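Data block below; observations after.
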Amino acid sequence: MRDRTPIPPLWSRLPPGVRRLLTWCGIAALMPPLWAMTLSNGESLLPVGAAHAAFTAATAVPLAWARRRPAMVLAIQLAEIVAVTALGQPAQWIWPLFPASDILVCLLTATRSRRAGLTAAGATLIVQQTSRQVDLLHLGLRSWAPGFLALSVLLGLGILVAWMAGMFIRQRREYDLALRAHAEARAVTDERLRIARELHDMVAHSIGVIAIQAGAGARVIDSHPEQARETLTTIEATSRQTLKGLRHLLGVLRETEHGHPGSPPTPAPPAGLSDVDRLVETAAAAGLRVDLRRHGRPRPLPDAVDRSAFRIIQESVTNVLRHADTGHCQVVLDYRSDELRIDVIDDGHGAATPAGAPVAREGSGHGITGMRERVALLNGDFSAGPRPDGGFRVTARLPLTTAGAPAEAGRLEAP
C-alpha cells in the first residue's frame with residue numbers, strides 16, 4: 001500500500017505573497033463597516049473626516065497581525081478601549097472592539113499557554129467591565145439596573161464563551177497530537193515485533209541445523225571423515241545463507257534509519273513458498289526427512305500470504321528438529337479456492353516434549369507465538385498442539401482474499 005501524504009489546507013497551499021495580499025484586502029474591506037459602526041445618530045467619536053478615518057484604520061490594521069501576534073494585537077485593542085474611556089466618550093461608539101477582543105482571547109487560549117489564555121481573558125474582562133461602568137457613571141445611570149446589569153453579564157459571558165472555545169480547540173489539538181504519538185509508538189512496537197519474528201524464524205532454524213550438523217560431524221570426524229566433510233559443507237552453506245539474510249535485513253533497517261525507506265540497492269528476494277524445497281533439503285542434511293505434499297493447484301499467492309506460509313513451515317520444521325526427537329515429519333500444502341491450509345505433522349514425543357509447545361522447555365515458546373501473530377495479521381486461523389496418537393500438529397489457514405490481509409502484513413519482511 002502506497003503512503004499518501006495528507007493535503008494541507010487551501011490557505012497553507014497559497015504562496016506567502018498571495019496570503020499577505022488577501023489579508024490586507026480583508027482588512028481594507030473591514031474599514032468601511034467599522035467607520036459606519038463608530039457613528040451614532042450622525043455623531044462620531046471624532047469629527048467625521050480624516051481623524052475619524054485614521055481612528056478606524058488604527059482599529060482595523062492591527063488585526064492583520066492577529067494570527068502571528070495575538071497578544072500584541074489584543075493589547076493594542078484594550079489600550080484603544082482604555083483611551084476612549086479616558087477621553088470620556090461613549091463606549092457604544094467603539095463596540096466593535098469588544099467582540100474583536102473576545103475573538104483574540106479565543107485565539108490566544110487555543111494557541112498559547114494556559115496561563116496566557118487566562119491572563120488574556122482576565123485582562124479583557126477587567127477592561128471591558130471598567131469601560132462599561134465608567135461610561136454609565138458619566139451618564140449618571142445606575143449600573144445595577146436590570147438592563148445594564150444584564151449587559152454586563154452578557155459581556156462577561158462573551159469572554160467566558162471565547163475562553164471555553166479556545167480551550168476546546170486547544171484540548172482537541174492536544175488530543176490529536178497524543179493520538180498521533182500513540183499511533184507512532186504502536187507502529188514502532190509492531191515493527192519491532194515483526195523484526196523479532198523474522199530474526200527468530202531465520203536464526204533459530206539456521207542455528208538449529210548448524211548445531212545438529214556440528215554434533216553429528218564431531219561424532220564421525222574420526223571414523224567417517226568424508227561424512228564429516230559433507231557435514232561441514234552443509235554448515236558452511238547454512239551459515240552463508242543466514243548471513244545473507246541478516247545482511248539484507250540490516251540493510252533495510254539502515255536505509256530506513258537514514259530517511260531513505262525502501263530496499264537496498266541489491267536486495268535479496270524475500271523467502272516464500274518457492275523456497276520450501278530448499279528448506280526440505282536443508283532439513284534432510286540435518287537428519288530430518290520431510291515428506292512434502294501439495295494438494296490442489298499451486299499458484300501465485302499474495303506476497304504477505306506467501307512469506308507468512310514459508311515462515312510457518314520453517315518454524316514448524318525447526319521445532320521438529322529441536323524438540324520432537326524424530327527423523328520424520330510431514331508438510332501438507334492444500335491450495336483451496338479461497339484459502340491456503342498448512343499442516344505440519346510429526347510422530348515424535350509430542351505429548352512429553354511437544355514440538356514448539358509454549359512450555360516445552362526454558363527458552364521456547366516464541367515460535368508458536370510468532371506463528372500465531374502472523375496468522376492473526378492475515379485474519380486466518382491457527383492451532384498447535386499434541387496429537388492424540390502421539391506427535392505434534394501445527395495447522396494454519398490463511399485466507400487468499402486481499403481484503404483479509406491488512407497493510408501491516410506487507411511491510412518490512414526479511415528473507
Side-chain angles (χ1 to χ4, degrees), residues 190 193-194 196-198 200-202 204-205 208 271-273 275-276 279-280 283 288-296 298 301-406 408-410 413:
D190 291 343
L193 290 176
R194 278 190 290 273
R197 285 196 298 269
E198 292 299 331
H200 177 274
D201 293 345
M202 181 169 49
H205 171 76
L273 290 179
D275 299 289
V276 171
L279 177 64
V280 171
L288 176 67
R289 182 171 61 86
V290 179
D291 181 12
L292 177 62
R293 300 182 183 182
R294 294 183 174 92
H295 299 315
L301 303 177
D303 291 342
V305 175
D306 187 64
R307 291 193 290 266
S308 296
F310 175 79
R311 292 305 187 192
I312 291 171
I313 296 172
Q314 183 187 52
E315 177 62 26
S316 300
V317 171
T318 302
N319 287 338
V320 174
L321 272 170
R322 297 174 60 188
H323 305 302
D325 191 20
T326 182
H328 170 266
C329 76
Q330 185 182 84
V331 176
V332 179
L333 288 172
D334 189 359
Y335 292 84
R336 301 180 180 180
S337 59
D338 58 346
E339 67 179 18
L340 174 69
R341 180 185 173 95
I342 303 171
D343 287 290
V344 181
I345 307 168
D346 69 74
D347 54 0
H349 303 296
T353 56
V359 293
R361 61 185 63 186
E362 184 179 0
S364 66
H366 297 292
I368 292 289
T369 301
M371 289 189 286
R372 194 181 305 279
E373 290 174 351
R374 288 182 182 278
V375 175
L377 283 174
L378 297 172
N379 294 335
D381 295 327
F382 178 82
S383 62
R387 300 165 59 202
D389 53 349
F392 201 79
R393 184 189 194 103
V394 173
T395 300
R397 185 187 61 82
L398 305 177
L400 300 183
T401 55
T402 55
E408 294 89 13
E413 293 279 354

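Quick caveat: nothing in here was measured; it's all calculated off a predicted structure. As a basis for the values below, the full set of heavy atoms in this structure was taken, side chains included, without hydrogen atoms, waters or symmetry mates.
- Of the inter-residue distances, the one linking Asp338 atom CG with Leu398 atom CG reads 11.5 Å to the nearest 0.5 angstrom.
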**Request:** Using the side chain to side chain contact (heavy atoms under 4.5 Å, CB included) rule, take Tyr335 and Leu340 through it: C-alpha gap first, then chi angles, then the decisive distance, then the call.
**Result:** CA-CA 5 Å; Tyr335 292 84; Leu340 174 69; 4.0 Å; yes
**Prompt:** Given Ile313 and Leu273, is the side chain to side chain contact (heavy atoms under 4.5 Å, CB included) satisfied, shown in steps?
**Reply:** CA-CA 9 Å; Ile313 296 172; Leu273 290 179; 4.0 Å; yes
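- Residues Leu400 and Ser337 come closest through the heavy atom pair CD1-O, 4.3 Å.
- Note that the OG1 atom of Thr395 and the CG atom of Asp381 stand 10.5 Å from one another [nearest 0.5 Å].
- Here the shortest heavy-atom pairing between Ile345 and Arg393 reads CD1-NH1, 3.4 Å.
- Considering every non-hydrogen atom in both His295 and Val332, the closest pair reads CD2-CG1, 3.5 Å.
- A distance of 11.0 Å separates CZ of Arg397 from OG of Ser383, quoted to the nearest 0.5 Å.
- Looking at Arg341 and Asp334, no side-chain N of the basic residue comes within less than 4.0 Å of a carboxylate O on the acidic one, giving no salt bridge.
- Across all their heavy atoms, Gly380 and Pro399 have their closest contact at CA-CD, 3.6 Å.
- Gly296 and Pro298 get closest at one heavy-atom pair: O-CD, 3.2 Å.
- In this structure Asp303 satisfies the salt bridge (charged side-chain N to carboxylate O under 4.0 Å, His left out) test with no other residue, sequence neighbours excluded.
- The CD1 atom of Ile368 lies 6.0 Å from the CG atom of Asn319; values are rounded to the nearest 0.5 Å.
- Between Arg311 atom CZ and Thr318 atom OG1 the span is 10.0 Å, to the nearest 0.5 Å.
- With sequence neighbours left out, the side-chain contact (heavy atoms from CB on, under 4.5 Å) criterion links Val290 to Val280, Ala283, Leu288, Val317, Cys329, Val331.
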**Prompt:** Step by step, would you call Val320 with Phe392 a side chain to side chain contact (heavy atoms under 4.5 Å, CB included)?
**Reply:** CA-CA 9 Å; Val320 174; Phe392 201 79; over 6 Å; no
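- Across every non-hydrogen atom of Asp291 and His328, the tightest pair is CB-NE2, 3.9 Å.
- Taking CZ from Arg293 and CG from Leu333, the interatomic distance works out to 12.0 Å, rounded to the nearest 0.5 Å.
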